[in-house]
Protein chains: 2
Amino acid sequence: MTTSGEVSPHTLHRLSIYLRCLRGLRDSNVLRVSSQDLADRFDLSAAQIRKDLAHFGEFGIRGVGYDVQHLTDRLRNLLGLDRHHPTIVVGVGNLGSALLRFLAMGDSAFRVVAAVDNDPSQVGTSLAGVRIEDAARLTEIATISGAEIGVLTVPASAAQANYNSLVLAGIRAVLNFAPIRLARDPDVVTRSVDLRMFFEELGFLLVRADSATVHATKTMSPGSGD
Amino acid sequence: MTTSGEVSPHTLHRLSIYLRCLRGLRDSNVLRVSSQDLADRFDLSAAQIRKDLAHFGEFGIRGVGYDVQHLTDRLRNLLGLDRHHPTIVVGVGNLGSALLRFLAMGDSAFRVVAAVDNDPSQVGTSLAGVRIEDAARLTEIATISGAEIGVLTVPASAAQANYNSLVLAGIRAVLNFAPIRLARDPDVVTRSVDLRMFFEELGFLLVRADSATVHATKTMSPGSGD
DNA sequence: AGATGTGAATGAGTTCACAGCT
DNA sequence: AGCTGTGAACTCATTCACATCT
């Protein structure tokens, strides 16, 4: 089955995990790996790995396994990491600058092409080689920079307005870190990440660990657990 | 059914979402809300909200709905947000200081009681009222600060060693932001968050949006989508 | 009347087990 | 012989529909 209908978010999430595992293997100069091998090393399920990959075609060699480099390339292609994704960072506070630097360094496919903030003392300065512009000009900046992805790292109160500005500039995707539910444009791929949730889940697990003896927590929770 | 066996990670994740919704309602001075009402406003499923809450007891009033304040309190209790969770931040780089400031401000249950870094120029300085200590003394600092939760925001290469130090200090939970699979202590609640994954998922969705016309993406992915 | 709480029905996701290729 | 790819069995999660309570 090749490039078929829908892909479950669980599968999608795991593709990232597989890719990370493969990067590790390649760094260790492992050339080939079987699904069982992968599963053992990173405690995943062998059958699940095969099922997940099967959504996108046949990558393996029967009787042998998967070529690490080849599978890596294919996953990078599936995740769009072999393309450029010009990215604009909106809000260069603590988290914004952390993400900006994070994306700027390394071989990231997500190149930061612009950044804005509404703090006048920040405007005009540079961060990791990116000049910070005035947030009031967001739509203009986003347009001329050709940004495809917008990273929203502004306070909740400003998130919706900045989101709208990005949409106006023809942005194609937004990753929102403000803890608010955005009114989304249907044509813009919009994902939200609320860092607070990770702490809250930890809090819950701690409370439970208090009362009962800790039970095996081997389920797959997105972004966590591995 | 009260405080029963296992809770699915999906349910757990949604508790955080519900709490955020309730905060919004309380800020708007809404006193009571029905599951249907909640579902409509935040596009969730009414039945699911009820099912999720049912795991922990009966919160609502039949024929009426839920008391916003009461349900908020109960959720905060479930998530352990009505307790103090002394927290230590390990690695005060960009992300570390972002999280430190994030936790330090507001009424967070996660009070930062200590922070360490291995950069000599950082040691001795303060950030959001927290003095930064030498990472070499991590176990000692973690112990005397009484930290319950450790936040790992160090490079992948240093993550395991620092994790071990935290375990040695008797830490109870760790939130790891380094993109590496940790060898975990079974007695320590350990969650990992890899920010890179959020970008990769976005990349994937963009690739798909390119070829086919965008299909409704209404599934629930952890940490995303709302 | 109106909304909760919950068993029953449906659907999604995972594991099993094996046919088929190398 | 060994490992992938995949239908079939199974488990987990969501939705339906209604009995129950205010």
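In what follows, chains carry the letters A, B, and so on, assigned in the order in which the sequence lines appear, proteins first and then strands, with residues in each chain numbered from 1. Excluded from the calculations below are hydrogen atoms, water molecules and symmetry mates; all remaining heavy atoms, backbone and side chain alike, are included.
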| query | Who passes ring pair (Phe, Tyr, Trp, His ring centres under 6.0 Å) against B:Y163, sequence neighbours left out? | reply | none

Anything under 3.5 Å between a protein N or O and an N or O of nucleotides 17-21 of chain D, put it in a table, one pair a line.
unit_1: D:dA17; atom_1: N6; unit_2: B:R50; atom_2: NH2; d: 3.3
unit_1: D:dT20; atom_1: O2; unit_2: B:R62; atom_2: NH1; d: 2.9

What's the [atom1]-[atom2] distance between [X] and [N], to the nearest Å?
{"X": "A:H10", "N": "D:dT11", "atom1": "NE2", "atom2": "C1'", "value": "14 Å"}
{"X": "B:L44", "N": "D:dT15", "atom1": "CG", "atom2": "P", "value": "10 Å"}
{"X": "B:D43", "N": "D:dT14", "atom1": "CG", "atom2": "P", "value": "15 Å"}
{"X": "A:D52", "N": "C:dT14", "atom1": "CG", "atom2": "P", "value": "7 Å"}
{"X": "B:F59", "N": "C:dA3", "atom1": "CZ", "atom2": "P", "value": "20 Å"}
{"X": "B:H70", "N": "C:dA3", "atom1": "NE2", "atom2": "P", "value": "20 Å"}
{"X": "A:E58", "N": "C:dG20", "atom1": "CD", "atom2": "P", "value": "14 Å"}
{"X": "B:I49", "N": "C:dT4", "atom1": "CD1", "atom2": "P", "value": "9 Å"}

| Which nucleotide in D:dA13, C:dT6, C:dG13 has an atom nearest any side-chain atom of B:A54 | C:dT6

| Nearest to the side chain of A:P9 - C:dG13, D:dT4, D:dT14? |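 For the A:P9 side chain, the nearest candidate turns out to be C:dG13.
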
| Listed partners of B:D27 passing salt bridge (Lys or Arg N to Asp or Glu O under 4.0 Å), at least two apart |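 B:D27: no salt bridge (Lys or Arg N to Asp or Glu O under 4.0 Å) contacts found.
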
| task | Using heavy atoms to find the nearest nucleotide of DNA chain C for A:T11 and A:V64 separately, return the residue whose nucleotide is more 5′. | result |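 With A:T11 and A:V64 compared, the 5'-side residue is A:T11.
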
Under 4.0 Å from OP1 or OP2 of [N]: is there any side-chain N or O of [X] that close?
{"X": "B:R32", "N": "C:dT4", "value": "no"}
{"X": "B:Y66", "N": "C:dG5", "value": "yes"}
{"X": "A:S45", "N": "C:dT14", "value": "no"}
{"X": "A:Q36", "N": "D:dC3", "value": "no"}

| message | Would you say that A:L206 contacts B:R83 through its side chain, given a criterion of any heavy-atom pair below 4.5 Å between the two side chains? | response | no

| Any chance the side chains of B:R50 and B:S35 put a donor and an acceptor closer than 3.5 Å? | yes

| request: Establish, from distance only, whether the side-chain atoms of B:D52 and B:Q48 form a donor-acceptor pair under 3.5 Å. | output: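 No.
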
| task | Could you tell me whether a side-chain N or O of B:R172 sits under 3.5 Å from a main-chain N or O of B:E148, the two making a donor and an acceptor? | result |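 Judged by distance alone, no pair lies under 3.5 Å.
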
| request: Indicate, yes or no, whether a donor-acceptor pair under 3.5 Å links the base of C:dT15 to the side chain of A:K51. | output: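 Such a pair exists between side chain and base.
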
| message | Can you tell me how the ring of A:F198 sits relative to the ring of B:F198, calling it parallel under 30°, perpendicular over 60° and tilted otherwise? | response |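 Tilted.
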
| When all nucleic acid strands are considered with a 4.0 Å heavy-atom cut-off, which category describes B:S35: base, sugar-phosphate, or nothing? |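 Result for B:S35 = sugar-phosphate.
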
